[in-house]
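Letters A, B, ... mirror the listed sequences (proteins, then strands); counts begin at 1.
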Amino acid sequence: MAQDDLYRTVVLERAKAPRHAGPLPTATLNGQGANPLCGDRVQLHAVLDGQGRIETIRHETRGCAICAASADLMAGRVTGQDRVHVGRLHAELVEAVETGTAPAGLGELAAFAPLHQHRSRRRCALLPWSALTDMLNDDKNR
Amino acid sequence: MDQSVITPTDMADSLRHVRADFPILSQKVHGKDLVFLDSAASAQKPRQVIDCMADTMRTQYANIHRGLYWMSERTTEAYEAVRDQVARFLGAAAREEIVFTRNSTEAINLVAHSYGGLLKPGQAVLVSEMEHHANLVPWQMLRDRMGIELRVTPITDDGALDMEALAANLADGKVALVAITHMSNVLGTITDARAIIDMAHAAGAKVLLDGSQLAVHRRVNVQELGADFYVVTGHKLYGPTGIGVLWARRELLEAMPPFLGGGDMISTVSFERATWANVPHKFEAGTPAIIETIGLGAALAYIESIGFEAIGAHEDALTAYALEALGNVSGLKVIGTAPQRGGVISFTMKDVHPHDIATLLDRNGIAVRAGHHCAEPLMRRLGVTATARASFGIYTTPEEIDLLAATLEQIRGFFV
């Protein structure tokens with residue numbers, strides 16, 4: 001079977017055995033995102049520290065391997081980061097999936113760069129990030 | 001596998017000439033031979049349709065119904081000849097009962113706006129749990145606009161229409177219109193249109209059948225069925241996009257107000273008022289899809305040259321073959337097992353999301369649909385968010401089914 005660059009080991013591993021999945025009873029921030037085209041849904045739960053940095057974040061994802069892996073890699077990556085840093089990473093991921101070239105510093109998130117060949121699947125990887133951005137913006141505007 | 005029913009060799013022989021008519025099937029995708037298993041979304045086009053449309057544009061194109069010159073008159077003749085052809089194809093009583101629309105969605109919206117506008121608060125429209133959004137959302141909009149009731153008849157666990165529930169829904173006599181699919185685009189279920197129509201008529205309701213999926217698989221005769229409205233779409237009939245058909249009984253069309261206003265649908269116009277053209281032109285405002293309509297004519301001629309007997313036999317055999325082949329794939333579950341079904345097979349696979357299935361099949365040249373198939377309420381009823389779906393056409397071969405099953409088995413191994 002011809003496999004796809006997209007399903008790299010890190011993506012499959014995180015989809016099968018996520019490290020940051022599950023509820024977070026102490027969460028002070030909750031957000032969610034849904035893709036009406038496929039029914040994928042991501043729920044996010046977070047606690048921020050006094051400086052507005054993400055202290056803890058968990059996700060509950062019902063979706064494909066790409067979406068589930070993206071949510072889990074995201075959760076690991078944004079822990080300890082503030083809204084501005086999250087926004088920068090989100091923008092770099094968008095650039096990676098649209099151009100196929102990952103900006104330096106994306107790290108494991110570069111696994112999603114092959115999505116530039118799968119227009120219909122880009123939103124799968126971006127859904128957790130747009131949910132996170134919305135959640136942090138809602139908190140800022142509260 | 002029951003070799004007495006079908007053998008790949010037998011089928012390949014009978015299909016060789018059909019496949020040669022579809023230029024796209026010789027394409028490669030990701031370096032692999034294209035295996036196109038998404039005909040329920042939109043069927044591929046035979047060269048007879050492609051050539052007809054191109055030839056018309058090259059040699060005989062002008063706007064219709066208004067040009068007082070040779071070219072326009074010839075194009076008008078070609079366009080109107082398709083109306084006769086569609087009337088024969090659907091078994092209509094008269095050519096005036098054939099209204100051209102952009103697709104079946106527009107045809108249903110036309111009925112919802114125009115016939116729906118004649119309904120009164122307290123009356124109801126009844127749909128089923130397996131409807132495509134196209135046969136649900138227009139009725140929700142009508143409900144909100146007109147203050148009517150929208151009822152939903154459930155399906156049974158195997159994916160058939162629950163006929164007892166249908167009878168209960170019709171019992172109070174408030175249902176003015178039953179709008180129901182003739183074949184589910186998700187479950188493959190072919191509904192018992194005749195029984196539904198008899199029950200609906202006995203309860204005083206008209207019936208609209210959404211034939212988008214069915215009309216390519218089985219011969220439809222709207223008069224034998226006793227239907228009141230029937231809709232089809234050209235692109236699933238091996239024809240072009242942008243052309244669909246509403247058939248309705250002439251007296252219904254005559255009683256209905258126009259849907260869209262503009263050129264061609266009028267009789268007289270002053271600055272104060274307008275009067276309407278006769279049916280069907282009352283419902284065909286503006287320059288229509290001329291080339292696409294002529295292309296639809298070529299598609300119908302193509303289908304009829306093969307014949308529904310051969311098409312039905314091929315698809316029934318292929319569907320049985322596929323159900324058995326897919327049934328042997330580890331962790332795969334076919335969704336929808338109604339006894340009357342066509343060549344549309346939805347499935348899920350344990351631990352593998354339908355989108356991942358579709359992407360990995362695509363890498364192997366195999367095109368399937370994955371998602372909610374524009375039937376979100378049905379997905380909820382089935383307890384899934386999405387399914388993968390393989391659907392067949394006259395060009396689909398048993399070897400392609402074998403390749404699908406084998407690749408699915410490999411995908412399962414990849415994830416588990």
Side-chain angles (χ1 to χ4, degrees), chain A residues 1-18 21 32-43 59-73 96-97 100 111-131, chain B residues 28-35 38 41 133 137 186 329 348-389 403-416:
Chain A
M1 183 183 72
Q3 292 185 3
D4 196 294
D5 248 11
L6 185 55
Y7 294 91
R8 290 179 184 175
T9 311
V10 62
V11 172
L12 284 179
E13 269 178 9
R14 290 303 187 99
K16 282 184 202 171
Q32 65 174 349
N35 183 352
L37 292 179
C38 63
D40 284 2
R41 185 174 293 274
V42 177
Q43 288 181 285
H59 69 95
E60 293 179 275
T61 303
R62 189 190 68 190
C64 64
I66 306 301
C67 184
S70 177
D72 207 61
L73 286 166
V97 303
F112 298 109
L115 279 170
H116 81 283
Q117 292 185 332
H118 300 271
R119 169 173 288 276
S120 59
R121 301 296 306 277
R122 289 177 193 167
R123 180 141 172 75
C124 304
L126 296 176
L127 179 64
W129 288 85
S130 53
Chain B
K28 294 212 182 285
V29 170
H30 301 303
K32 310 270 184 176
D33 290 336
L34 170 65
V35 175
D38 196 22
H133 293 164
V137 178
V186 175
V329 176
T348 55
M349 191 184 267
K350 194 171 183 311
D351 299 324
V352 191
H353 192 280
H355 279 190
D356 297 317
I357 293 173
T359 293
L360 286 163
L361 285 175
D362 173 62
R363 296 303 293 184
N364 291 272
I366 303 170
V368 299
R369 175 95 182 258
H372 56 46
H373 314 288
C374 297
E376 271 190 81
L378 175 59
M379 293 291 116
R380 251 172 247 128
R381 163 66 176 83
L382 298 168
V384 296
T385 55
T387 72
R389 182 188 72 183
L403 192 61
L404 170 71
T407 311
L408 285 169
E409 192 69 65
Q410 290 170 337
I411 289 171
R412 167 91 171 141
F414 182 50
F415 276 88
V416 176

Enquirer: Test of understanding: with side chain to side chain contact (heavy atoms under 4.5 Å, CB included), list the residues that count as partners of A:A21, not counting sequence neighbours.
Expert: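 A:A21 satisfies side chain to side chain contact (heavy atoms under 4.5 Å, CB included) with A:P18, A:H59 once adjacent residues are dropped.
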Enquirer: Go through A:A68, A:G63, A:A15 and name the one with the most non-hydrogen pairs under 4.5 angstrom from chain B.
Expert: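 Looking at each option in turn, the highest pair count goes to A:G63.
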Enquirer: What part of B:I411 gets within 4.5 angstrom of chain A, counting heavy atoms only: side chain, backbone, both, or neither?
Expert: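 Both backbone and side chain of B:I411 come within 4.5 Å of chain A.
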Enquirer: At a cut-off of 3.5 Å, what donor and acceptor atoms pair up between chain A and chain B?
Expert:
unit_1: A:A2; atom_1: N; unit_2: B:N364; atom_2: OD1; d: 2.8
unit_1: A:A2; atom_1: O; unit_2: B:N364; atom_2: ND2; d: 3.1
unit_1: A:D4; atom_1: OD2; unit_2: B:R363; atom_2: NE; d: 3.1
unit_1: A:Y7; atom_1: OH; unit_2: B:D356; atom_2: OD1; d: 2.7
unit_1: A:K16; atom_1: NZ; unit_2: B:F415; atom_2: O; d: 3.1
unit_1: A:P36; atom_1: O; unit_2: B:H372; atom_2: NE2; d: 2.7
unit_1: A:D40; atom_1: OD1; unit_2: B:H353; atom_2: NE2; d: 3.0
unit_1: A:A65; atom_1: N; unit_2: B:D356; atom_2: OD2; d: 2.6
unit_1: A:R121; atom_1: NH1; unit_2: B:H355; atom_2: O; d: 2.8
unit_1: A:R121; atom_1: NH1; unit_2: B:T359; atom_2: OG1; d: 2.3
unit_1: A:R121; atom_1: NH2; unit_2: B:D356; atom_2: OD1; d: 2.9

Enquirer: Measure distances from A:L12 to the heavy atoms of chain B and classify the residue's part below 4.5 Å as side chain, backbone, both or neither.
Expert: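 Contact with chain B involves the side chain of A:L12 alone.
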Enquirer: Against chain B, label A:C67 side chain, backbone, both or neither, depending on which of its atoms sit under 4.5 Å from a heavy atom there.
Expert: neither
